[in-house]
Number of protein chains: 2
Amino acid sequence: MSVKADPASGNLVDRMARDIQAGVFAPGMWLKQIDLETRYEAKRMEVRRALDQLALKRLVRHVPNRGYHVHTPDNRQAEEVREVRLILETAAAGSVVANATAADIAALRALAQRFADLILEGTLLDLYEANIAFHAKLLALGSNRELINIVWELRGRGPSAPVTQWKTRARIEQSNREHFHMVEAIAAGDADALRRLTADHILQTEERQPTQRDDGA
Amino acid sequence: MSVKADPASGNLVDRMARDIQAGVFAPGMWLKQIDLETRYEAKRMEVRRALDQLALKRLVRHVPNRGYHVHTPDNRQAEEVREVRLILETAAAGSVVANATAADIAALRALAQRFADLILEGTLLDLYEANIAFHAKLLALGSNRELINIVWELRGRGPSAPVTQWKTRARIEQSNREHFHMVEAIAAGDADALRRLTADHILQTEERQPTQRDDGA
DNA sequence: GGTATAGAAATTGGCGCCAAAATTGGTTAC
DNA sequence: GTAACCAATTTTGGCGCCAATTTCTATACC
């Protein structure tokens, strides 16, 4: 965001957010301030401030006099978040295609390749990180920064643990293929194809036949 | 949000947010903690917490060791926020039309009427509040609660002071007419018309001829 | 043996004080 | 007369302690 506002506190919020996302803290788990203090080697006040920020981001939930616990996303909410992401990310597809330079496309392809490589050799957490990196780069191509921020924040609200995201290996490999298809759609300047692929990717619908992506919607 | 989490702090954040929105604190103005303490009759800690929350909402900006100042929205950002609102609010139009009961429509019409009445008799702040109320009711008809929350938060980020929102009386009256047109579109079950009206309303483009709203897009 | 109750341990959250940093105002030197 | 420097006041922000509340545990009673 800003140049370097709140280096300590900001980093703590980010670290905690990542840990929640990565499933280090299970959904519903109570976060005791003392444990967080020792785990992150932070002062009590920093922990409290970070927890407040995370509560505002809906990543944790605050119960007065009981503490903070990891937010358990219910199905309805998760579905609604997906829907908003669908709306925004498909809306951004146009500018993504328009802004992508050859260098961007190459970088994207490299990131997609890294994800592909990690399917065999990496842990689930590695995959998770690689996926984040790919989508961060992809999203960053959009021209509307506010939209990017919102989508990025929204991504943090979905089903948290990486495990729940890709239940089967088949799903992982489908995601992987979709990454490459998205890159190709961008390379081809085909915004419509990117929109359709993005929708499928978010909803994790069954795979379409890739060669049919140029007929009607 | 929650049932009644943080009654004091939450209210303080809301009150401060309203005051910033209403232009009590001018954009760029430094918010001294002592002043806020006395103004809101709050403890130092509550003020600090509220300022942090507002900083996360991008309503104020934090400069370490200097304090907090009201965020000055630049044009690019405002434009981008408008664009995102356009995307989301038009996307919500369908479910708004689908969910609206006769009672909802009556309530909306009443709120639109209140706005209309206040054009002559009310202050600019009254108008501002009435406008908020109308759009709150309208937005609440959407079925995606996450979308509603995001749009509502986004509304808080636009050009803050009510004065900047409606520069001329003609603009106010156009907004007023658009309110009624939106209600009629909902009553007629015409989602497309609502979408178009919403877009115009957000972008504050020149008025279309209302009788043409049933021909093609 | 199970349950209820009372006491103990632990955890949260509020409050005030004090140090570090910045702004303001005054003074001095050029 | 202007500019720079220094001191005094103001303001921010960090830290630790203590009270209020909750949870755990052990004991007694049914």
Side-chain angles (χ1 to χ4, degrees), chain A residues 1-20 24-72 160, chain B residues 1-20 24-72 160:
Chain A
M1 304 294 163
S2 62
V3 190
K4 53 173 183 173
D6 298 304
S9 167
N11 281 342
L12 183 55
V13 172
D14 287 345
R15 278 199 291 163
M16 287 180 62
R18 256 202 305 277
D19 284 344
I20 290 172
V24 177
F25 304 117
M29 178 178 177
W30 286 95
L31 300 173
K32 290 182 196 155
Q33 296 182 2
I34 295 186
D35 295 342
L36 301 175
E37 246 177 294
T38 57
R39 174 177 237 276
Y40 297 104
E41 293 177 355
K43 309 290 180 192
R44 168 68 67 100
M45 228 188 61
E46 293 178 293
V47 169
R48 247 198 274 180
R49 187 173 293 200
L51 283 170
D52 268 343
Q53 313 249 319
L54 291 172
L56 210 66
K57 281 186 173 183
R58 315 281 193 80
L59 271 169
V60 304
R61 205 153 177 70
H62 176 58
V63 182
N65 286 339
R66 297 268 319 266
Y68 300 80
H69 64 89
V70 180
H71 181 236
T72 309
S160 37
Chain B
M1 307 289 168
S2 60
V3 190
K4 54 174 183 173
D6 297 303
S9 167
N11 281 341
L12 183 56
V13 172
D14 287 347
R15 278 199 291 163
M16 286 179 63
R18 255 201 306 276
D19 283 344
I20 291 172
V24 177
F25 303 116
M29 177 179 178
W30 286 95
L31 300 173
K32 289 181 196 160
Q33 296 182 2
I34 295 184
D35 295 342
L36 302 175
E37 245 177 295
T38 56
R39 173 177 239 274
Y40 297 104
E41 293 176 357
K43 310 288 179 192
R44 168 67 67 99
M45 228 187 60
E46 295 178 291
V47 169
R48 243 197 274 180
R49 187 174 294 199
L51 284 170
D52 268 343
Q53 312 249 319
L54 291 172
L56 209 66
K57 281 187 174 183
R58 316 282 193 80
L59 270 168
V60 304
R61 204 151 177 71
H62 177 57
V63 182
N65 287 343
R66 295 268 319 265
Y68 300 80
H69 63 88
V70 180
H71 181 238
T72 309
S160 38

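Labels below follow one simple rule: chain letters A, B, ... track the order of the sequence lines, proteins then strands, and each chain is numbered from 1.
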Would you list the protein and nucleotides 19-23 of chain D atom pairs, both N or O, that sit under 3.5 Å from each other?
residue: dT23(D); atom: OP1; partner: Arg66(A); partner atom: NE; Å: 2.6
residue: dT23(D); atom: OP1; partner: Arg66(A); partner atom: NH2; Å: 3.3

Mind checking what makes side chain to side chain contact (heavy atoms under 4.5 Å, CB included) contact with [X], not counting sequence neighbours?
{"X": "Lys57(A)", "result": "Val13(A), Leu56(B)"}
{"X": "Arg66(A)", "result": "Trp30(A), Val63(A)"}
{"X": "Asp19(B)", "result": "Val24(B), Phe25(B), Arg39(B), Tyr40(B)"}

Distance from Thr72(B) atom OG1 to Arg61(B) atom CZ, nearest 0.5 Å? 10.0 Å

Rounding to 0.5 Å, atoms CG (Leu31(B)) and CD1 (Ile20(B)) come to a distance of 6.0 Å

Side-chain heavy atoms of [X] within contact of [Y], under 4.5 Å:
{"X": "Leu36(B)", "Y": "Met16(B)", "answer": "yes"}
{"X": "Asp52(B)", "Y": "Gln53(A)", "answer": "yes"}
{"X": "His71(A)", "Y": "Val60(A)", "answer": "no"}

Counting only heavy atoms and a strict 4.0 angstrom limit, can you tell me which residues of residues 32-40 of chain A come near DNA chain C? Lys32(A), Gln33(A), Ile34(A)

Please confirm whether the backbone N or O of Thr38(A) pairs with a side-chain atom of Glu41(A), one donor and one acceptor, at under 3.5 Å? no

My understanding is that only one of Arg49(B), Arg44(B), Arg48(B), Lys43(B) makes a side chain to side chain contact (heavy atoms under 4.5 Å, CB included) with Glu46(B); could you say which? Lys43(B)

Regarding Leu31(A), tell me which of base, sugar-phosphate or nothing describes its non-hydrogen contacts under 4.0 Å with the strands shown. sugar-phosphate

Just the endpoints, please: which first and last nucleotides of DNA chain C, 5' to 3', lie under 4.0 Å from a heavy atom of chain A? dT11(C) to dG14(C)

